Amino acid sequence: MEVTIESALAEHSPIGVPRADLEELDAAVRSAAERIATGREQDEHGYAALNLPDETDPEPIEAAVESVTPAENWLTIGIGGSALGAATITEALDGDGATYSLDNVDPAAIEALLADIDLSETAMNVVSRSGRTAETLANFLVVREAMETAGVEWTERTVVTTGESGPLATLADRHDLPTLTVPEGVPGRFSALSAVGLAAAAFQGLDLEAILAGGRQAEASLADSLFESPAYAYGATMYALEARGANVAAMMPYAESLEAFAEWFAQLWAESLGKDGRGQTPARALGATDQHSQLQLYRAGPKDKVVTLVRPRERPSVPIPETDQDAIDYLGGSDLRALIDAEFDATEASLRKAGVPAIRIEIDALDPAGIGELLYTMEAACIMAGELAGVDTFTQPAVEWGKDTARALLRGEQTLETVDGLSVRTGPESQ
Ligand SMILES: O=P(O)(O)OC[C@H]1O[C@H](O)[C@H](O)[C@@H](O)[C@@H]1O
């Protein structure tokens, strides 16, 4: 993997980082790297996530999945960190079997999914670190009932992935369900390389050991200097850019199958670093598609963004057939692979020309090792950025407030104050 920060330097952008500032920042990176290393050694909350590639054992994950399959469909019922890791890994890699993520509680979407799939060919993993998240438990209850109605013995089709205790752990115990553990000290958004992210991959027959080996490769490249570590180069540069006004972090992978990765990154970055009045707002984009929409804003809008461009170095070849039409003859005889790579390079150059900082991340291939390496690198980068900013990277108090309030509203223990005159209706007066 290579992280290239050249286009984020001050010589290319008015909000770019001067090389001298990076040299200076490197002393803080050194202390932060030491803090992270100590946290890992002592398995402290959050830092423990960076030990997952060494500690996750594929065997019990594969055994749990095997005990509720074969099946055609795999539902991951979870939300946020309990869903996005699995979605990222399965979307990025080309495994067997259909996987679905039930994270939202949109009744129309759930109804449509349940009508579409054969429930007798469906297994599920109910994932919640706390075991208390309303969306997850509600979706589980709905799917469980749908299975019962369809005559499917749900207890033979359900794996539970949760913390040591909590309502979900109790339920798993009561029904004797196969259970996987969300490791102690690992916040949901940092749990992709545990059972949380890997059970869906096991269902698809993907090589879990290779995913973890990719994580270990990224782990081996952590160093005390941003100039020696891709993860810390990314985290430190993003931190320095924010200080210079890059308040929006656009994540733009040039690979259709990394769209979920951009979503995973958005949670990681926003929930970990959005604190104490600071933090970059993540924006999700997809190359080359969004060159034809969002790029206009990125190049010509406010100079408050950094764009991260991600691509695999290896891609399959799909030749573009020859054509005798003059205006498009430059395409004939080329390859979609060459085209998307040219678009990637052109976007980076165009951002640089417009003075918009960009960071390039290249992984060797979109294979199990490549995705393991990418996820680990971004997690370590995020922890580094959090250390430098002095925020509490591993908590999410602002999110918890909303969760508690929603629960209280449902139980009827609380009502929200309503403000008249702020809603606009369309349609007849009587509606
Ligand atoms: O795994 P759970 O306890 O169900 O939590 C699922 C998600 O819920 C919350 O909203 C947190 O902000 C997320 O960080 C977490 O990943």
Side-chain angles (χ1 to χ4, degrees), residues 45-50 52 56 61 64 75-90 100-106 110 124-144 158-172 177 179-200 260-276 279 281-282 375 378-379 382-383 385-386 391-410:
H45 183 73
Y47 302 100
L50 295 182
L52 283 177
T56 301
I61 302 173
L75 310 182
T76 299
I77 304 184
I79 197 165
S82 286
L84 291 167
T88 301
I89 294 170
T90 52
Y100 301 87
S101 193
L102 272 70
D103 51 359
N104 208 344
V105 279
D106 179 344
I110 301 290
M124 60 177 151
N125 185 18
V126 189
V127 192
S128 175
R129 183 175 190 277
S130 62
R132 298 174 189 281
T133 301
E135 293 88 341
T136 303
L137 297 175
N139 277 337
F140 162 62
L141 293 174
V142 169
V143 175
R144 178 170 85 170
T158 306
V159 174
V160 162
T161 304
T162 191
E164 296 291 347
S165 59
L168 201 52
T170 309
L171 181 139
L177 303 176
T179 305
L180 294 167
T181 313
V182 183
E184 241 339 88
V186 177
R189 57 188 175 277
F190 290 89
S191 68
L193 298 179
S194 74
V196 176
L198 295 177
F261 161 73
E263 212 176 318
W264 173 87
F265 170 83
Q267 187 205 12
L268 181 75
W269 217 251
E271 224 177 26
S272 304
L273 304 174
K275 278 152 202 167
D276 308 335
T281 303
L375 293 174
M378 299 317 277
E379 288 179 18
C382 179
I383 297 174
V391 296
D392 194 351
T393 309
F394 305 116
T395 59
Q396 56 285 330
V399 173
E400 300 299 346
W401 190 91
K403 284 174 82 164
D404 293 345
T405 307
R407 265 195 294 264
L409 285 174
L410 260 184

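Remember, it's a predicted structure, so these values are computed and weren't measured experimentally. Atoms within a ligand are numbered from 1 in the order they appear, just like the ligands themselves.
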For V182, side-chain contact (heavy atoms from CB on, under 4.5 Å) partners two or more places apart: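 V182 satisfies side-chain contact (heavy atoms from CB on, under 4.5 Å) with R129, T161, V196 once adjacent residues are dropped.
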Which residues pass the ring-ring contact (aromatic ring centres under 6.0 Å, His included) test with F394, not counting sequence neighbours?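 Expected list: Y47, F190.
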Heavy atoms only: give me the nearest S191-L52 pair and the separation to one decimal.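 So the minimum-distance heavy-atom pair works out to CA-CD1, 4.2 Å.
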Write down the atom of S194, the atom of T56, and the distance for their closest heavy-atom approach.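 Shortest heavy-atom separation between S194 and T56 comes out as CA-OG1, 3.8 Å.
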If a pair satisfies salt bridge (charged side-chain N to carboxylate O under 4.0 Å, His left out) and one of its residues is in residues 183-192, list it, with sequence neighbours excluded.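 Of all non-adjacent pairs touching residues 183-192, those that pass salt bridge (charged side-chain N to carboxylate O under 4.0 Å, His left out) are R189-E271.
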Parallel, tilted or perpendicular: ring planes of F261 versus F265, cut at 30 and 60 degrees: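 Ring orientation, 0 to 90° scale: tilted.
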Sub-4.0 Å heavy-atom environment of ligand 1, residues by chain: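 Its neighbours under 4.0 Å (heavy atoms only) are I79, G80, G81, S82, S128, R129, S130, T133, R189, Q267, E271, Q396, V399, K403, given by chain and number.
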